[in-house]
Structure formats: C-alpha cells, structure tokens
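As structure tokens, the structure follows; a few thoughts come after it.
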Amino acid sequence: MIFIETTKNGSSREAVKTAARLGFYTVLFTEKEKLLEQRKEFPDIMQMVHFNKMTEDLIRQQIIELQEQGKIIKTIISFVDPFVSLAAQLSNELCKSNISVEALKIMEDKTETRRALKENATTPKFEVFQPVDNISTFIKKEHKFPLIVKSPMSKASKDVYLVKNRYELRKIMKKFLRIYPDQQILLEEYLDGPQYLVEVLVHKGKINIVAIFKQEITKELKFIVTGYAVQLNVKDDLYKKLSSTVESIMNDLKVANAACHLEIRNVNGNWKLIEINPRISGGAMNRMIEEAFGINLVEETIKLYLGDEPNVDRKHEKHLYTHYITINSVGRLLKVTGKKRAANEPGVREVYIKSRKKAVIRPPISMGHRYGYVMATGETLDEAKENALNAFKKIKFYIEPLSEEI
C-alpha cells in the first residue's frame with residue numbers, strides 16, 4: 001500500500017500504522033527529509049522513498065520501479081493536501097479503485113468549491129480576484145466589510161485573514177500577490193455563528209455522517225480551533241437540517257465514493273459552508289472518533305479505497321472534549337512538565353505534546369502552531385470539557401524568550 005506523504009502524528013500517521021496492522025507492506029512517498037533523519041521512529045513504514053519535489057511523473061516512475069521489484073500495489077492513498085486527488089486518480093487507474101476523483105479535485109481548490117456550489121444555499125457571497133486584474137480598481141469596488149480573504153489552496157487556517165476595511169484588504173491582497181503571484185484570491189462574506197466540523201464517508205452514493213463536533217474558535221492573530229466537543233445529542237430538527245445540507249453538498253459535487261470533512265456554521269438557523277476538505281480532518285480527529293464511537297475512520301477509508309465495504313456503525317457513544325494547546329509568546333522550548341499528572345486526571349484519554357526541546361514556539365497563525373492536546377471523556381459534555389481543561393492546567397511550558405521577528 002502506497003501512501004503519498006504523511007505528518008509525524010495525527011490522522012495521516014495513524015492511517016499508515018493501520019495499514020501495517022492490517023498486514024500490508026507500507027511504502028511512503030515523502031518530500032520531508034526529517035522523516036528520513038528520524039527513520040527509527042517509523043517502524044510501521046516498511047519503505048520510505050524521498051522526493052525533492054513530488055510530481056505526477058516522478059511518482060509514476062517510482063510506482064513502476066516498485067512493480068519491477070515484484071510488489072503488487074493494492075491501493076495508493078493520501079491523507080495530506082494537496083496529494084489526495086492525485087493518489088485517488090492513480091489508485092483508480094492502477095488498482096481499480098472507484099474513488100470520486102473529480103469531486104476531490106474540486107475540494108482541494110476553495111475557489112473551485114465555491115463555483116461548483118454557487119447555486120447551493122450553503123454558499124456565502126464570494127468574489128474571485130484574478131492575478132491579472134488591477135488591484136486598485138478591484139479594491140475601489142463596493143465591498144461589504146468585514147470580509148474573509150483566503151488563498152484557494154490554504155489549509156489549517158494558514159493564508160486566511162479577516163479584513164475590516166479597504167486598507168487591510170489592500171495590504172493582505174498585496175501580500176498574497178507577492179507570495180503567490182499566479183494564484184487567484186478568494187473573498188467571502190464574514191459569517192458569524194457557532195461552527196461545526198462534520199466527518200463524512202460516502203460509499204456507493206450512501207452518505208454517512210460519521211461524527212459531528214462543535215468547534216471552539218479562538219480569534220487572536222488568526223481563527224484557530226482550540227476545542228472540539230463531540231455532539232451526541234444533536235437536536236432532531238438541527239440534525240435533520242444539517243443532514244439534508246450535507247446531502248445537498250455531496251450531491252452537487254457528485255460524490256459517490258470518498259471521505260471528506262466539512263466546516264459549517266449555523267448562521268441565524270441556516271447552515272453555511274466555511275470549507276470542505278477531501279479527507280478526514282488531521283490532528284487528533286481519528287483518535288477522537290475512535291474514543292467517542294469506536295470507529296477507526298482511517299481504517300474505514302482504507303477499506304473504501306480497497307473496494308471493500310466500510311463499516312461506520314457506532315460501537316458505543318461517549319461524551320468527549322479535546323482541548324488544543326496554544327502559546328501566547330515567542331520562545332525556544334526548554335521543557336514541558338505535568339504531562340503525567342495531566343494524564344492521571346479523571347476522564348483523560350490522551351495527552352499529547354507535539355513540540356520537542358529547543359523547538360521555537362509562537363502564538364498561532366495556523367493550526368500547525370498548536371503544540372499538543374488533552375482529550376477527555378465524561379458523563380456529560382460539560383464534564384468532559386471540565387476534565388480536559390483541568391488536566392491542561394497541570395501542563396507547563398517553559399520557554400526562553402526570543403525576538404518577535406522569529
């Protein structure tokens with residue numbers, strides 16, 4: 001089984017571990033030199049192939065080499081942007097998978113997603129700036145502020161900005177054009193309301209809502225999700241409306257076989273799509289779903305790619321809350337204490353600290369600047385959240401201050 005890219009921890013990493021547990025010979029294609037340097041930390045990856053820059057042609061060449069070595073490739077899969085649709089395309093072509101590649105391609109590009117769902121009631125007002133357009137003319141147009149400005153390829157809240165006036169709009173757009181001169185810029189109306197994450201697995205056209213999480217969003221430098229509360233007792237009318245909303249989006253994108261997740265806001269009783277991504281959410285998502293419902297979603301996604309029938313029936317239901325750790329200052333990490341004490345607190349299912357000693361840590365401007373999490377269960381959702389936050393208070397980060405320019 002070939003995996004195109006992985007993170008060191010989180011859903012994509014667990015997918016590789018799951019494949020190894022299922023008895024597959026796992027091959028990882030990666031651009032990350034650090035993974036090769038830390039090779040001993042990945043015993044479940046049987047073969048690691050490094051690329052200076054992954055292209056479709058180079059990937060195809062490497063696949064041929066593996067086949068010439070006598071390896072029978074059962075599937076090619078990725079849980080990491082921007083390789084999800086490419087892996088699905090290759091798997092369909094070489095392994096007779098039947099994944100909805102065109103839908104995945106649309107999901108990988110936020111501008112294409114908005115265009116494909118233009119007539120869907122969940123789509124907010126949006127506008128696309130072309131890099132050949134005149135920026136001054138564009139900014140002088142009538143805009144209703146505040147606006148969300150984002151790169152179509154943004155992920156993990158990177159390259160997503162809230163702008164409140166023309167001055168901020170010009171500043172952010174010029175920054176985008178400097179960094180991504182050939183890329184479109186997406187502008188959307190700002191939507192206010194509680195935000196939910198919905199994990200979806202579609203098999204032969206049957207849409208399965210696997211899990212719903214209410215997200216706690218911290219707005220400091222950026223919009224960063226710092227809390228995930230699993231929703232067990234979704235009100236019937238709310239769930240019905242959400243379910244029909246998800247169904248309308250999947251139908252409009254023509255999704256027949258795929259895994260994806262939606263971030264969606266309830267704005268004055270109406271569901272509005274913030275974004276959709278062609279894979280399970282990263283970070284602790286797979287672990288959260290496993291703890292809450294007994295479903296290993298990366299395993300069921302692998303089954304989908306293999307042409308087997310996934311099973312997303314819940315084995316149990318538990319109230320669960322995960323609190324993500326962020327830091328409010330810039331510094332070099334000296335040490336972290338309290339992890340064991342936190343792990344021994346009531347209801348705690350997992351404590352994970354991402355950062356290593358001497359790593360530079362900083363206030364979050366993307367989801368990548370979350371430095372760990374505490375996951376806890378409880379008799380109620382409030383208790384689960386209280387358990388997670390009480391455990392988090394036991395953890396202390398000791399940092400050596402650095403200049404803000406870092």
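- In this structure the side chain of Thr18 never reaches within 4.5 angstrom of the side chain of Val16, judged on heavy atoms.
- With respect to Glu102 and Lys254, no salt bridge is recorded, no charged nitrogen being found less than 4.0 Å from a carboxylate O.
- Residues Phe51 and Phe29 bring their aromatic ring centres within 6.0 Å.
- To the nearest 0.5 Å, atoms OG1 (Thr6) and CZ (Phe83) are separated by 12.0 Å.
- With 3.5 Å as the limit, one finds no donor-acceptor pair spanning the side chains of Tyr321 and Asn387.
- Put simply, the side chain of Arg279 reaches to within 4.5 Å of the side chain of Asn277, judged on heavy atoms.
- Distance check: Thr245 OG1 to Lys240 NZ gives 14.0 Å after rounding to the nearest 0.5 Å.
- Ala211 and Arg314 make their closest contact through CA-NH2, 4.3 Å (heavy atoms, listed as atom of the first residue, atom of the second, distance).
- Closest heavy-atom contact between Ile361 and Ser355: CG2-OG, 3.7 Å.
- Closest approach of Ala87 and Ser78 over heavy atoms only: CB-N, 3.6 Å.
- Proximity of a side-chain donor or acceptor of Ser151 to a complementary backbone N or O of Met153 within less than 3.5 Å is detected.
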### Query
Should Lys385 and His323 be marked as a side-chain contact (heavy atoms from CB on, under 4.5 Å) after you check the CA-CA gap, both sets of side-chain angles, and the distance that decides it?
CA-CA 8 Å; Lys385 183 174 181 177; His323 175 75; over 6 Å; no
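- Residue Lys303 places its NZ atom among more than 12 non-hydrogen atoms of other residues, nucleotides or ligands, all under 6.0 Å distant.
- The closest side-chain donor-acceptor pair between Asn286 and Asn296 falls under 3.5 angstrom.
- A side-chain donor-acceptor contact under 3.5 Å links Glu5 to the backbone of Glu31.
- Rounding to the nearest 0.5 Å gives a distance of 9.5 Å between CZ of Arg349 and CE of Met375.
- The nearest pair of heavy atoms linking Glu345 to Lys394 is OE2-CE, 3.4 Å.
- The shortest distance between side-chain heavy atoms of Ile4 and Ile77 does not fall below 4.5 Å.
- For Glu41 and Arg13, the salt-bridge test fails: no basic side-chain N is under 4.0 Å from an acidic carboxylate O.
- Between Ile280 and Val298, the closest side-chain pair of non-hydrogen atoms falls below 4.5 Å.
- Using a 30° and 60° split on the angle between ring planes, Tyr371 and Phe397 fall in the tilted class, from 30° to 60°.
- The side chain to side chain contact (heavy atoms under 4.5 Å, CB included) check on Gln195 picks up Gln215, Ile217, Glu263, Arg265, Ile274, with sequence neighbours excluded.
- Considering Asp81, Ile276, Leu262, Val84 as possible partners of Met107, the one that fulfils the side-chain contact (heavy atoms from CB on, under 4.5 Å) test is Ile276.
- A perpendicular orientation is assigned to the rings of Phe138 and Phe129, their planes being inclined by more than 60° (bins at 30° and 60°).
- Checked by atom type and distance alone, the side chain of Thr26 pairs as donor or acceptor with a backbone atom of Asp44 at under 3.5 Å.
- Using a 4.5 Å heavy-atom threshold, the side chains of Glu379 and His319 count as separate.
- Of the N and O atoms on the side chains of Asn266 and Tyr196, not one donor lies less than 3.5 Å from an acceptor on the other residue.
- Salt bridge present: Glu299 and Arg21 bring a charged side-chain N and a carboxylate O closer than 4.0 Å.
- Between the CG atom of Leu94 and the CD1 atom of Ile76 there is a distance of 5.0 Å, given to the nearest 0.5 Å.
- A donor-acceptor distance shorter than 3.5 angstrom exists from the side chain of Thr301 to the backbone of Leu297, with no hydrogens or angles considered.
- Annotation: Ile72, atom CD1; neighbour count of heavy atoms from other residues, nucleotides and ligands within 6.0 Å does not exceed 12.
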### Message
Working note: Val267 + Asp192, criterion side-chain contact (heavy atoms from CB on, under 4.5 Å); need CA distance, chi angles, decisive distance, verdict.
### Response
CA-CA 6 Å; Val267 183; Asp192 195 16; 5.9 Å; no
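- For residues 165-185, no residue pair satisfies the salt bridge (charged side-chain N to carboxylate O under 4.0 Å, His left out) rule, not counting sequence neighbours.
- Shown here is Lys144, whose NZ atom has no more than 12 heavy atoms of other residues, nucleotides or ligands within 6.0 Å.
- Partner Glu127 forms a salt bridge (charged side-chain N to carboxylate O under 4.0 Å, His left out) with one of Lys150, Lys141, Arg114 and no other, that one being Lys141.
- Side-chain contact between Ile207 and Asn251 is present, with at least one heavy-atom pair separated by less than 4.5 Å.
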### Task
Please lay out, stage by stage, how Glu350 and Tyr373 fare under the test side-chain contact (heavy atoms from CB on, under 4.5 Å).
CA-CA 8 Å; Glu350 186 176 357; Tyr373 59 79; 3.0 Å; yes
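- With hydrogens and angles disregarded, a donor-acceptor distance shorter than 3.5 Å links the side chain of Arg370 to the backbone of Val225.
- Ring pair Phe213/Tyr228 is perpendicular by interplanar angle, where above 60° counts as perpendicular and below 30° as parallel.
- A pairwise comparison of heavy atoms in Met285 and Ser11 identifies CB-OG, 4.0 Å as the closest pair.
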### Message
Leu35 vs Met48, test: side-chain contact (heavy atoms from CB on, under 4.5 Å). Steps then yes/no.
### Response
CA-CA 9 Å; Leu35 299 188; Met48 209 179 272; 4.0 Å; yes
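- Looking at Glu108, its side chain does come within 3.5 Å of a backbone N or O of Ser85 through a donor-acceptor pair.
- The closest side-chain donor-acceptor pair between Thr122 and Asn120 falls under 3.5 angstrom.
- At most 12 heavy atoms of other shown residues, nucleotides or ligands fall within 6.0 angstrom of atom CD in Glu309.
- At a cut-off of 3.5 Å, with distance as the only test, no side-chain donor of Thr226 or Glu216 sits close to an acceptor on the other residue.
- Going from atom OG1 of Thr113 over to atom NZ of Lys118 covers 14.5 Å, rounded to the nearest 0.5 Å.
- Summarising the geometry, atom NZ belonging to Lys354 is positioned 9.5 Å from atom OH belonging to Tyr324; distances are rounded to the nearest 0.5 Å.
- Judged by the 6.0 Å distance and 45° axis criteria, Lys335 is positioned over the aromatic ring of Tyr398.
- At least one side-chain heavy atom of Leu242 sits less than 4.5 Å from a side-chain heavy atom of Ile264.
- Scanning all heavy atoms of the two residues, the minimum distance from Ile73 to Cys95 falls at O-SG, 3.6 Å.
- A distance-only check finds a donor-acceptor pair linking the side chain of Asp109 to the backbone of Glu112 [under 3.5 Å].
- Side-chain contact check for Asp133 versus Thr137: every heavy-atom pair is 4.5 Å or farther apart.
- Asp308 places no side-chain N or O within donor-acceptor distance of the main-chain N or O of Leu304, the cut-off being under 3.5 Å.
- Without hydrogens or angle criteria, Asn208 side chain to Leu201 main chain gives a donor-acceptor distance under 3.5 Å.
- With Ser12 contributing its side chain and Thr7 its backbone, the two residues share a donor-acceptor pair below 3.5 Å.
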